[in-house]
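In the text below, chain A, chain B and the rest are named by the order of the sequence lines, each starting its count at 1. Given the structure is predicted, the values throughout are model-derived calculations rather than measurements.
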Number of protein chains: 2
Amino acid sequence: MSEWVEHALSELGRAGYRRGGARTAVVEVLGRHSCARTALEIDDELRAEDRRVGRASVYRALEQLDGLGLVTKVDVGHGTARYEPVRPGGHHHHHMVCDDCGNVLPFEDPELERSIDRLSRRLDFAVAEHEVVLHGSCGCTRH
Amino acid sequence: MSEWVEHALSELGRAGYRRGGARTAVVEVLGRHSCARTALEIDDELRAEDRRVGRASVYRALEQLDGLGLVTKVDVGHGTARYEPVRPGGHHHHHMVCDDCGNVLPFEDPELERSIDRLSRRLDFAVAEHEVVLHGSCGCTRH
DNA sequence: ATGACTGCAAAGCCTTTGCACGCAA
DNA sequence: TTGCGTGCAAAGGCTTTGCAGTCAT
């Protein structure tokens, strides 16, 4: 089992949550992925392994995880939220969205992070989070 | 009238669109703002000046303008799309979103743009657009 | 036993679509 | 006259909420 899954479950416990089946299932699915998933994808994945869970419970679990900082909510457009595990010590990354096939791919770039940090200090605005989304094509249409 | 309004109306004409009332009204509202508006805000603004327009027409006009590159669709999360005029020669900018009051403010930073350009060249991905969103607080809760 | 957790169904948003009428060209 | 443009209403997605039964503690 992924380290993050144990971490998340223990943090949930510490925050006073009970160990319900639906929430645990959501945590386990998230733990299998390094990049952002939608609520629907998580639900489908659970359904595929016959662990049927109410859609509402998926959303509730994600909301709680987000509140505890255990996942990040990523919005790459198209009106569907995505969530991904925040691994302690893990690398901060952003996303490229293929406008041809809808694929979402992660990337990271220290120089970009430095630019944003410097900028954040300069602005008259208390920056808490930042998100960079690149749109374009991953090359899926090449044969 | 804003220069962009004339530009947009003429481009719409060149693209073969007729000069309908609803679309023109949407263009005029957009032209009054330099930063991103939602479809609902545009609709409200029109309603306030007794130029009632069907909600669907607002969405249709925005879609067409986006298709011609006359506006940019900006997604700062919260599940609501925003649109802003693309002024020829205007500065490329990004957005800060106040998580306390929902305010959306523009900023620009040449260094950040350079970082993204360099990064884009390095990636195995054809970057067409990019979007940076800063979340945090604009200070509205200070008294 | 108590109250959190869950699933289901219903309701809420934002956005898109279908359709008949009206207007620009 | 032609068919694009428009408004209205209905339908579509994603997400949230209400509620009663269930389960962890």
Show the atom names and distances, to 0.1 Å, of all donor-acceptor pairs under 3.5 Å that link a side chain in residues 49-58 of chain A to residues at least two apart or in another chain.
from, atom 1, to, atom 2, distance (Å)
A/Glu49, OE1, A/Arg32, NH2, 2.8
A/Arg51, NH1, A/Glu28, OE1, 2.9
A/Arg51, NH2, A/Glu28, OE1, 3.1
A/Arg55, NE, A/Asp43, OD2, 2.6
A/Arg55, NH2, A/Asp43, OD2, 3.0

Gap between atoms [atom1] and [atom2], on [X] and [N] respectively (whole Å):
X	N	atom1	atom2	value
B/Arg23	D/dC4	CZ	C1'	8 Å
B/Leu12	D/dC4	CG	P	16 Å
A/Glu41	D/dC14	CD	P	11 Å
A/Leu46	C/dT6	CG	C1'	14 Å
A/Leu62	C/dT6	CG	C1'	15 Å
B/Asp75	D/dC14	CG	P	14 Å

Inset, instruction - Starting from the first five and the last five pairs of the helix from C/dA1-D/dT25 to C/dA25-D/dT1, work out the angle between the resulting helix axes, to 10 degrees. - result: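 Roughly 30° between the end axes, to the nearest 10°.
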
Inset, instruction - Taking the side chain as every heavy atom from C-beta outward, state whether A/Gln64 and A/Arg23 have any pair of such atoms under 4.5 Å apart. - result: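 Counting from C-beta outward, A/Gln64 and A/Arg23 do come under 4.5 Å.
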
Inset, instruction - Please tell me if the side chains of A/Arg19 and A/Thr24 come closer than 4.5 Å, counting only heavy atoms from C-beta onward. - result: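 Sidechains of A/Thr24 and A/Arg19: in contact.
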
Inset, instruction - Decide if atom CD of B/Glu111 counts as having more than 12 heavy atoms of other residues, nucleotides or ligands within a radius under 6.0 Å. - result: yes

Inset, instruction - Grab the two heavy atoms, one from A/Pro106 and one from A/His93, that are nearest each other, plus how far apart they are. - result: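 Taking every non-hydrogen atom into account, CB-CD2, 3.6 Å.
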
Inset, instruction - Determine, for nucleotides 10-20 of chain C in 5'-to-3' order, which nucleotides have protein heavy atoms under 4.0 Å from the base (write B), from only the sugar-phosphate (write S), or from neither (write -). - result: ----SBBBB--

Inset, instruction - Indicate the ring-plane relationship of A/His130 and A/His92, choosing parallel, tilted or perpendicular according to the 30° and 60° boundaries. - result: perpendicular

Distances for protein N/O vs nucleotides 1-3 of chain D N/O pairs under 3.5 angstrom?
from, atom 1, to, atom 2, distance (Å)
D/dG3, N2, B/Arg18, NH1, 2.7

Legend entry - Stepwise side chain to side chain donor-acceptor pair (under 3.5 Å) test for A/Glu113 and A/His91: CA-CA 11 Å; A/Glu113 298 301 323; A/His91 275 272; over 6 Å; no

Legend entry - Short side-chain to backbone donor-acceptor contact, B/Ser10 and B/Ala8, under 3.5 Å: no

Legend entry - N/O donor-acceptor pair under 3.5 Å between A/Trp4 side chain and A/Leu70 backbone: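 Judged by distance alone, yes, a pair lies under 3.5 Å.
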
Inset, instruction - Would you mind classifying the nucleic acid contact of A/Gly16 as base, sugar-phosphate or nothing, using non-hydrogen atoms under 4.0 angstrom? - result: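 Touches nothing.
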
Inset, instruction - Sequence neighbours left out, what passes salt bridge (Lys or Arg N to Asp or Glu O under 4.0 Å) with B/Arg87? Give chain and number order. - result: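 Checked B/Arg87 against salt bridge (Lys or Arg N to Asp or Glu O under 4.0 Å); zero matches.
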
Inset, instruction - Mind checking side-chain contact (heavy atoms from CB on, under 4.5 Å) for A/Ala15 and listing every partner two or more places apart, or none if nothing turns up? - result: A/Tyr17, A/Leu68

